[in-house]
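The structure presented is a predicted model; accordingly, all values stated were derived computationally and were not measured.
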Amino acid sequence: MKNKFFTRKFVPMAQICRLRKGMVISMKEQEKYTAGQLIKKFLPYYKKYRWIVALDLCCAGLTTICELVLPLIIRYITDMGMNDLQSLTVELVLQLGMIYLILRVIDLLANFYMANTGHVMGTRIETDMRRDAYEHLQKLSNTYYSNTKVGQIMGRITNDLFDVTEFSHHCPEEFFIAGIKAVAAFIILGNINLRLTLIIFLIVPVMAVVCTIINLRLRNAFREQRVQIGELNARIEDSLLGQKVVKAFTNEEKEMEKFEKDNLQFFRIKKKTYWYMAFFQTTTRAFDGLMYLVVLVAGGLFLIYGQIKPADLVAYVMYVTTLIATIRRIIEFAEQFQRGMTGIERFVEIMDSDIEIFDEPDAVECVAPKGEIKFRDVSFEYPDDHNVVFRNLNLFIHAGEKIAIVGPSGGGKTTLCNLIPRFYDIDSGEIFLDGENIRHYTLKSLRKNIGMVQQDVYLFSGTVYENIAYGREDAGREEVMEAAKRAGAHEFIMALKDGYDTYVGERGVKLSGGQKQRISIARVFLKNPPILILDEATSALDNESEFQVARSLAELSKGRTTVTIAHRLSSIRNSDRILVLTEEGIAEEGNHETLLAKQGIYYHFYQTANELK
C-alpha cells in the first residue's frame with residue numbers, strides 16, 4: 001500500500017530540499033518529534049481500516065457496559081436486602097442474573113473480536129508501514145546510505161515496528177474504554193455523592209501530571225535503547241561480514257572488546273529504562289493507595305454522618321475499584337504506548353529523510369536512446385563532506401563511441417560514471433543524453449538503458465541463475481545461459497555442484513572474485529542496454545578469463561556507447577578515445593597511439609605498467 005499522506009508530504013519536501021543540497025542531517029541530530037506530531041503522522045494508516053477500528057471501538061464499548069452495570073445490580077440488591085427484604089424474590093434475583101449473563105456473553109464475543117481482528121489490523125498497519133519505509137528507502141540517494149549504518153536501518157524497519165502492532169490496536173481501544181469509564185463513573189458517583197466524587201477525581205489530574213513527566217523520561221530511555229540496539233546490530237554485522245579480515249589480522253580480541261563496549265552500553269541504557277519503569281509503577285501504586293484511602297476515610301465519615309447509604313457506599317467502592325483498575329490499565333499500557341511511539345518516531349525519521357534524486361514533474365520516458373552523452377560545465381562535490389570532484393567539466397561522447405577513462409585514484413573516474421545514471425545529482429551545469437537533459441527523463445527509464453558492471457561486485461543471496469536473471473526479470477533460461485556464455489561464465493557455472501541452481505551464499509561468498517565478476521558481467525549482457533559503463537569490469541579476472549570477457553565485451557560494445565574505467569591499460573588500447581582524468585579535470589585526450597606520442601601522463605602510466613609486468 002502506498003500511503004497517500006506520506007506521498008503528499010515527503011516528495012514536495014524533497015524538492016524544496018534541493019535548494020539546500022549538501023546538508024546532511026544525522027539521525028541523532030534530527031529534531032525530536034512531539035507526541036502530537038507523531039500521532040498526526042500515524043493516523044492516516046487507520047484510514048484503510050476505519051470500519052475495523054469503528055467496530056473494535058463498539059466492541060470496547062460493549063465490554064465496558066458490562067463492567068459498569070454490575071455495581072448497579074449489586075447496589076440494587078444490597079439496598080433492597082437492607083430496606084425491603086421481602087421484595088427481594090428469587091425470581092427477581094434470577095432475572096438480574098440472566099441480564100448479567102447476557103451481558104457477559106456479549107462481553108465474551110466482543111472481547112474475542114477485539115483480541116483477534118483488532119490484533120490482525122495492528123499487524124496489517126505494521127506491514128503497511130514497513131512496506132512504505134522500504135519503498136522510501138529505495139528512493140534515497142547514495143549519500144543517505146553513506147552516512148547511515150545498515151544495522152540502524154534494519155532495526156528501524158523490523159524490530160522498531162513490532163511494537164506498533166500492539167500500539168495501533170490497543171491505543172484507541174484503551175483510551176476509548178478509559179474515557180467511557182471515567183465519564184460514566186463520574187456521572188454515577190456524582191449522583192450518589194458529589195462531594196466524595198469531587199475529592200476522588202481531584203487526585204486524577206495530579207496523578208496524570210506526575211505520570212506524564214515520568215513517561216517523558218521513559219520515552220527518552222526507550223529512544224536511547226532503540227538507537228543503541230541499532231548500533232549493536234551494526235557492530236555485529238560489520239564484524240561478522242569482515243570475519244576473514246579479523247582472522248587474518250588476529251584481531252578477535254579487539255573485536256570482542258568493541259562488542260563488549262557496545263553491549264555494556266546497551267545494558268546500562270536498559271538498566272536506566274527499568275529504573276524509570278519501576279519508579280513509574282511505584283508512583284501509580286502510591287496513587288492507587290491514596291484513592292482507596294480517601295474512599296475508606298471519607299466514605300466512612302460520610303456513612304457515620306448519614307450522608308451516604310451503605311448500599312451506595314458498596315457501589316461507590318466497586319466503581320472506584322473499576323476506575324482505579326482502568327487508570328492502572330492505562331498506566332500499564334503507558335510502557336507499551338511509549339514503545340510504540342518510539343517505533344513510530346524512528347519510522348517517521350526514515351520517512352522524513354529527503355529524497356534528493358527524483359523525477360521532475362515533466363519527466364518523460366527515455367526510449368531507445370542512441371547514446372550521445374554530453375557534460376557541459378559540470379561541477380560536483382559530495383554533499384556529506386563537500387569534497388570537490390569536478391569544476392566546470394566539459395565532455396562530449398558520440399553515440400556508439402568507446403571511451404576509456406584512466407587516471408590516478410581519487411581523480412573522479414567512478415564519480416563521473418555515477419553521474420550519468422543520476423546516482424548523484426550535479427551541483428551546476430548540465431548532462432545531456434541525445435541532446436536532452438537527463439533530469440528530463442524518468443529515473444527508471446534512464447537507468448533501464450544503462451548497464452553497469454561496478455568495481456565492487458555485489459551478488460544477492462540466491463542461486464547463480466537468479467543473480468544473472470536479475471538483469472532482466474522476463475528472461476528465459478536459454479537467454480540467461482546465453483548471457484553467461486558471452487560473459488565467459490558458462491563453463492565454470494556448469495562445473496559447480498548444482499550448475500545454474502548453485503547457491504552462491506551471502507554476497508556471493510561461495511564464489512571466487514573472478515567468478516563473481518563474470519556473473520555480474522553476464523547480468524549486463526542479459527540486460528542488453530544501449531549504454532555500457534564498465535567500472536574495472538575485468539579487474540578480478542585472470543589473463544585467460546580477461547581475454548574471453550574482453551572479446552565478448554568488444555562484441556557487445558558494437559554500436560553502443562561504452563564508458564570503461566580501467567587500470568589495466570592493455571584492456572583499453574582499442575578504445576576510440578582515452579581520457580586521462582585528474583583532480584584538475586581532463587588532462588589528456590586521444591587514442592592510445594596519440595597519447596603515447598605526447599609522452600605525458602598516459603605515457604607515464606603505460607611505462608609504469610610495463611615495468612610492473
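When side chains are defined from C-beta on, F390 does not count as touching D377, because their heavy atoms never get closer than 4.5 Å. A 4.5 Å side-chain heavy-atom check between N467 and V504 finds at least one atom pair inside the cut-off. Between D128 and K48 the shortest side-chain heavy-atom distance falls below 4.5 Å. Within the 4.5 Å cutoff, side-chain heavy atoms of E466 are placed close to those of T463. At least one side-chain heavy atom of F42 sits under 4.5 Å from a side-chain heavy atom of M129. Annotation: side chain of I565 is not in contact with side chain of L534 (no heavy-atom distance under 4.5 Å). In this structure the side chain of L38 reaches within 4.5 angstrom of the side chain of V348, judged on heavy atoms. At least one side-chain heavy atom of D132 sits less than 4.5 Å from a side-chain heavy atom of M351.
The environment of CD in E583 is sparse: at most 12 heavy-atom neighbours from other residues, nucleotides or ligands sit within 6.0 Å. More than 12 heavy-atom neighbours from other residues, nucleotides or ligands sit within 6.0 angstrom of CZ on R472. The environment of CZ in F423 is crowded: more than 12 heavy-atom neighbours from other residues, nucleotides or ligands sit within 6.0 Å. Counting heavy-atom neighbours within 6.0 Å of E260 CD, excluding the residue itself, gives a total above 12. For N574, the CG atom counts as loosely surrounded, since its 6.0 Å shell holds 12 or fewer non-hydrogen atoms of other residues, nucleotides or ligands.
A donor-acceptor pair under 3.5 Å is formed between the side chain of R130 and the backbone N or O of I157. No donor-acceptor pair under 3.5 Å is formed between the side chain of R577 and the backbone N or O of I403. Distance alone, capped at 3.5 Å, is enough to place a donor-acceptor pair between the K413 side chain and the P408 backbone. In this structure a side-chain-to-backbone donor-acceptor pair under 3.5 Å is present from T561 to G400. Not one N or O on the side chain of K402 forms a donor-acceptor pair closer than 3.5 Å with the backbone of I572. In this structure, N437 contributes its side chain and E430 its backbone to no donor-acceptor pair below 3.5 Å. Listed for the E479 side chain is a donor-acceptor partner under 3.5 Å among the backbone atoms of G476. The backbone N or O of K370 sits less than 3.5 Å from a side-chain atom of D434, completing a donor-acceptor pair. Under the 3.5 Å distance criterion, the side-chain polar atoms of R439 are left unmatched by any main-chain donor or acceptor of E360. No side-chain donor-acceptor contact under 3.5 Å links N528 to the backbone of V524.
Pairs engaging residues 391-416 under the ring-ring contact (aromatic ring centres under 6.0 Å, His included) rule: F396-H398 [sequence neighbours left out].
In this model, no donor atom of one side chain and acceptor atom of the other lie less than 3.5 Å apart for T415 and N418. Between the side chains of T414 and D535, at least one donor N or O lies within less than 3.5 Å of an accepting N or O. Between the side chains of N591 and D576, no donor-acceptor pair is found at a separation under 3.5 Å. Side-chain contact check for T342 and E345: no donor-acceptor pair (N or O, by modelled atom type) lies under 3.5 Å.
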Derivation and outcome, side-chain hydrogen bond (donor to acceptor under 3.5 Å, both in side chains), residues Y441 and D359: CA-CA 7 Å; Y441 292 123; D359 289 338; over 6 Å; no

From CA spacing to verdict: side chain to side chain contact (heavy atoms under 4.5 Å, CB included), L511, I519: CA-CA 10 Å; L511 301 177; I519 288 176; 3.4 Å; yes

Full working for side chain to side chain contact (heavy atoms under 4.5 Å, CB included) between N392 and V378: CA-CA 5 Å; N392 302 317; V378 171; over 6 Å; no

Evaluation steps, side chain to side chain contact (heavy atoms under 4.5 Å, CB included), between V464 and Y503: CA-CA 7 Å; V464 171; Y503 176 68; over 6 Å; no

Stepwise side-chain hydrogen bond (donor to acceptor under 3.5 Å, both in side chains) check, Q517 with S520: CA-CA 5 Å; Q517 190 73 289; S520 69; 3.3 Å; yes

Trace of the side chain to side chain contact (heavy atoms under 4.5 Å, CB included) decision for Y144 with I153: CA-CA 11 Å; Y144 175 84; I153 299 173; 3.8 Å; yes

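Across Y603, F605, Y602, a single residue satisfies ring pair (Phe, Tyr, Trp, His ring centres under 6.0 Å) together with H592, and that is Y602.
Distance check, rounded to the nearest 0.5 Å: OG1 of T442 to CZ of R422 gives 10.0 Å. Distance check, rounded to the nearest 0.5 Å: CG of L446 to CD of E436 gives 11.5 Å. Expressed to the nearest 0.5 Å, how far CZ of F525 lies from CZ of R486 amounts to 5.5 Å. Distance OG/S575 to CG/L595: 10.5 Å, rounded to 0.5 Å. To the nearest 0.5 Å, the span separating CD1 on I355 from CD on Q138 amounts to 11.5 Å. Considering OH of Y465 and CG of D498, their distance stands at 15.5 Å, rounded to 0.5 Å.
Considering all non-hydrogen atoms of both residues, L433 and C366 come closest at CD2-SG, 3.8 Å. Contact record, R560 with P530: CB-O, 3.4 Å, taken as the closest heavy-atom pair. The two residues K516 and L459 make their nearest non-hydrogen contact at CG-CD1, 3.6 Å. Of all the heavy atoms in P529 and K448, the pair that sits closest is CB-O, 4.4 Å. Among all heavy-atom pairs drawn from A469 and V480, the shortest one is CB-CG2, 4.1 Å. Closest of all the heavy-atom pairs between L416 and F375 is O-CZ, 3.9 Å.
The distance between the ring centers of Y500 and H490 falls below 6.0 angstrom.
Salt bridge E135/R131: absent, no basic N to carboxylate O contact under 4.0 Å. By the 4.0 Å N-to-carboxylate-O rule, E257 lies too far from K261 to be salt-bridged with it. Under a 4.0 Å N-O distance rule, the pair E381/R391 qualifies as a salt bridge.
Classification of the F460-Y470 ring pair by plane angle, with boundaries at 30° and 60°, yields tilted.
Remark: R376 fails to qualify as a cation-pi partner of F432 under the 6.0 Å distance and 45° angle criteria applied to the six-membered ring.
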